[in-house]
Amino acid sequence: MSPRKNRRPAPGPKPEAGGGSYWDQSTEEGADGDWIVRTIAGANAVKAYRCPGCDQEIPSGVGHLVVWPADERGGADDRRHWHRPCWNARGRRTPRIQRSRNAPRY
């Protein structure tokens, strides 16, 4: 058996010191303002979250988006985890208002 050959490192950015990783991150403009959108791969999704678009759980191991306002006011408390289709449909959805049985409809 021949010895294993050394492989050249893949081209592109090098990982950060301390085991950091890279995300696919972009800034999106919408009618509701500017947002920073980060894609989280399923392998990196280790916790369950609740999607604000559909109010359903995003289980661990499922890829999704993390979104927060692009202005300086947006911090760690403003981050929300969304399903990708829910984020793309946010402009077409209406808020889900739950009313009691006898509440007025205005």
Side-chain angles (χ1 to χ4, degrees):
M1 182 183 291
S2 62
R4 186 172 180 178
K5 295 182 180 180
N6 289 334
R7 296 183 184 175
R8 294 184 183 195
K14 295 181 181 177
E16 297 174 0
S21 60
Y22 288 96
W23 295 279
D24 181 22
Q25 181 172 311
S26 62
T27 302
E28 291 187 15
E29 297 177 8
D32 52 352
D34 293 345
W35 299 90
I36 297 174
V37 179
R38 181 179 288 174
T39 303
I40 304 296
N44 295 336
V46 294
K47 288 175 48 181
Y49 297 97
R50 182 147 316 261
C51 175
C54 64
D55 201 32
Q56 299 294 315
E57 184 177 287
I58 303 171
S60 62
V62 174
H64 59 279
L65 301 174
V66 179
V67 181
W68 65 93
D71 57 6
E72 290 80 29
R73 295 177 298 174
D77 293 338
D78 298 321
R79 291 184 297 186
R80 298 292 175 256
H81 296 255
W82 291 71
H83 292 110
R84 184 180 304 274
C86 295
W87 174 251
N88 292 336
R90 75 188 184 284
R92 298 187 304 265
R93 292 182 184 238
T94 59
R96 290 188 171 202
I97 301 172
Q98 296 181 354
R99 297 184 176 99
S100 67
R101 189 171 194 170
N102 297 323
R105 294 186 176 257
Y106 55 84

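These numbers come from the heavy atoms of this one structure, side chains and all, not from hydrogens, waters or symmetry mates.
The side chain to side chain donor-acceptor pair (under 3.5 Å) test applied to His64 returns His81, not counting sequence neighbours. Qualifying ring pair (Phe, Tyr, Trp, His ring centres under 6.0 Å) partners for Trp87, counting only residues two or more places apart in sequence or in other chains: Trp35, Trp82. Applying the side chain to side chain donor-acceptor pair (under 3.5 Å) rule to Asp77 yields no partners; only residues at least two apart in sequence or on another chain are considered.
By the neighbour-count criterion of 12 heavy atoms within 6.0 Å, atom CZ of Arg84 is sparsely surrounded, having that number or fewer from other residues, nucleotides or ligands.
When all heavy atoms of Ala45 and Val62 are compared, the pair lying nearest together is CB-O, 3.5 Å. Closest approach of His83 to Glu57, counting heavy atoms only: NE2-O, 3.9 Å.
Taken from CZ in Arg79 to CD1 in Ile36, the straight-line distance is 11.0 Å, to the nearest 0.5 Å. Atom CG of Asn88 sits about 7.5 Å away from atom CG of Leu65, to the nearest 0.5 Å.
For the pair Arg80 and Tyr49, the minimum side-chain heavy-atom distance is 4.5 Å or more. Side chains of Val67 and Glu28 form no contact here, defined as non-hydrogen atoms less than 4.5 Å apart.
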